[in-house]
Amino acid sequence: MSHLYFGGVDVVDLAAEYGTPLYITDENMLIANFRRYKDAFDGYYDTDIYYAVKANGNLAILKLLAREGAGADVFSTGELHLARLAGIETDKILFNGNSKSDDDLIAAVESGVKVSVDSPDELDALASVAEQLGKETGIAIRVNPEVSPDVNPKIATGLKESKFGIPYTEVVELCKRAKNMRNISLLGLHCHIGSQILDVSVFRYAADKMLELVTSLHESGIELEFVDLGGGLGIAYRPGEIAPTPAELRDAILPVFKRAEIAPPKLILEPGRSIVGPASILLCRVNAVKHAYRNFVAVDAGFNLLIRPAMYDAYHEVVVANRYDEPGSEVYTVVGPICESGDIIARDRLLPEVRRGDLIAIFDTGAYGFSMSSQYNGRPRCAEVLVKDGHVDLIRERESLDDIIRNQKIPERLMQA
Ligand SMILES: *Cc1c(COP(=O)(O)O)cnc(C)c1O
């Protein structure tokens, strides 16, 4: 009976020691995924990699990436806090988002990070915050590049009708306005066309559109320091699926930069999924096997801990981790414990005969897994461990029942009998 090993550790031992559900991240794989970006661009083009914190905001993971030289793409004051705690330098942080409060803008200006401005409204608000604080803030303009990658519409963010970015034809005007504003320093253009993109040609198209803007701005006497093409490179979730590599991304976009008539600015990329996605598994325990309309395998993790299948119809590979070598014998649908019929993790998968107490490992859950988790149905969130060459570190404690009631208040008048 062979067991699944991850990061050199028997996951059956991990379940015994830390309980289930459990997110397990392989440090070596995480670092390798980041270095693949560094290596693809180092020596080719002046490029910074700003890891997208929303994909996985665990501090240990951020710290590892910070040590590798990653910057950060943050979408909230909370993610800014995480990035800074992890030691990511503020001059390598871009504060994104289409709906920033005054408090968000104050946090951005005070910490000295760059801000990606998503509307003229926000530009005015940012300028006045910066003036009040007596500081100058570097900005990028978030561009809607009007490209349609072939991905789930919920994660296509560069469509013309998307809520993100300044309409393409209005970017130059807004840049001219920003250029003349006090306390604002226009540094770059930013876009992000979507996520889980498997065809790199859309990145070339986006790069083309961005450099067209760079050229128009140059003709208006405005020079930029950087173009940020966002994240979005997909990963192979399905067996046999082929994901593009960072080198292929490079080969798609750099020719556009190299043929630009003017000296193009430096490049920033914001990968999230392609760095953390494949580096984690979610390990869960089978609570029941039921032969009904389908053969249901009910495990202890559902969309409270991994919402991607329910929200995006996403596919994740699943295996029986404590009998990893057994051939498949029956078709099962793996479901979670949540009180919703949509709480399905994996449909119609051929697995060895599954029994109560078996362990199911769900692959490629490092991105948008824990970071999108909730306590729905009164379930404390699970623990996370980091594994490396057979060594294990706990990087997040399992939540307790106290965490479910934390911050709740019962009004005094309800306390009487
Ligand atoms: C979500 C997001 C990213 C990361 O996307 P991935 O698909 O995880 O690489 C990068 N930049 C911005 C602005 C984002 O919203």
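Values below: all heavy atoms of this structure, side chains included; hydrogens, waters and symmetry mates excluded. In this chain, residues are counted from 1 in sequence order. Note that ligands are numbered from 1 as they come in the structure, with each ligand's atoms numbered from 1 the same way.
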Is it true that Lys176 and Glu173 have a side-chain N and a carboxylate O under 4.0 angstrom from each other?
-> yes

for atom 5 (O) of ligand 1, nearest protein heavy atom and its distance come out as His192 CE1, 3.3 Å

Report, in ascending order of atom number, the atoms of ligand 1 lying under 4.0 Å from any heavy atom of Phe75.
-> 15 (O)

Looking only at non-hydrogen atoms, find the nearest pair between Tyr168 and Asn144 and report the distance.
-> CB-O, 3.4 Å

Donor on one side chain, acceptor on other, Ser274 and Tyr37, under 3.5 Å | yes

Quick look: Pro271 vs ligand 1, heavy-atom contacts under 4.0 Å, and the answer is backbone

Distance only, no hydrogens: is a donor on one side chain within 3.5 Å (strictly under) of an acceptor on the other, for His190 and Asn96?
-> yes

Can you find an N/O atom of Ser274 closer than 3.5 Å to an N/O atom of ligand 1?
-> no

Under 3.5 Å: N/O of Gly232 near N/O of ligand 1 = yes

Could you check atom 11 (N) of ligand 1 against the protein and tell me its nearest heavy-atom contact, residue, atom and distance included?
-> Glu270 OE1, 2.6 Å

What are the atoms of ligand 1, with element, lying closer than 4.0 Å to any heavy atom of Gly231?
-> 9 (O), 10 (C), 11 (N)

Side-chain H-bond candidate by donor/acceptor type, Tyr376 with Glu340, under 3.5 Å = yes

Distance-only, no hydrogens or angles: does the Lys209 side chain make a donor-acceptor pair with backbone N or O of Pro145 under 3.5 Å?
-> yes

Please identify which atoms of ligand 1 are closer than 4.0 Å to at least one heavy atom of Tyr368.
-> 1 (C), 4 (C), 5 (O), 6 (P), 8 (O)

If you measure only the distance, is there a donor-acceptor pair under 3.5 Å linking the side chains of Tyr237 and Arg273?
-> yes

For Arg273 and ligand 1, does the shortest N/O to N/O distance drop below 3.5 Å?
-> yes

Looking only at heavy atoms, the pair that brings Val318 and Arg349 closest together is N-NH1, 3.8 Å

Enumerated ligand 1 atoms positioned under 4.0 Å from heavy atoms of Lys54 = 1 (C), 2 (C), 3 (C), 4 (C), 14 (C), 15 (O)

Any luck finding a side-chain donor-acceptor pair between Glu261 and His218 under 3.5 Å?
-> no

Give yes or no for whether the N/O distance cutoff of 3.5 Å, strictly under, is met between Arg142 and ligand 1.
-> no

Sub-4.0 Å atoms of ligand 1 with respect to non-hydrogen atoms of Ala52 | 3 (C), 4 (C), 10 (C)

Looking at Ser195, which atoms of ligand 1 are within less than 4.0 Å of one of its heavy atoms?
-> 6 (P), 7 (O), 8 (O)

Is there a nitrogen or oxygen of Gly272 sitting under 3.5 Å from a nitrogen or oxygen of ligand 1?
-> yes

Taking the six-membered ring of Tyr50 (Phe, Tyr or Trp), confirm whether the NZ or CZ of Lys114 is under 6.0 Å from its centre and within 45° of its axis.
-> no

Would you check whether Asn96 has a nitrogen or oxygen atom less than 3.5 angstrom from a nitrogen or oxygen atom of ligand 1?
-> no

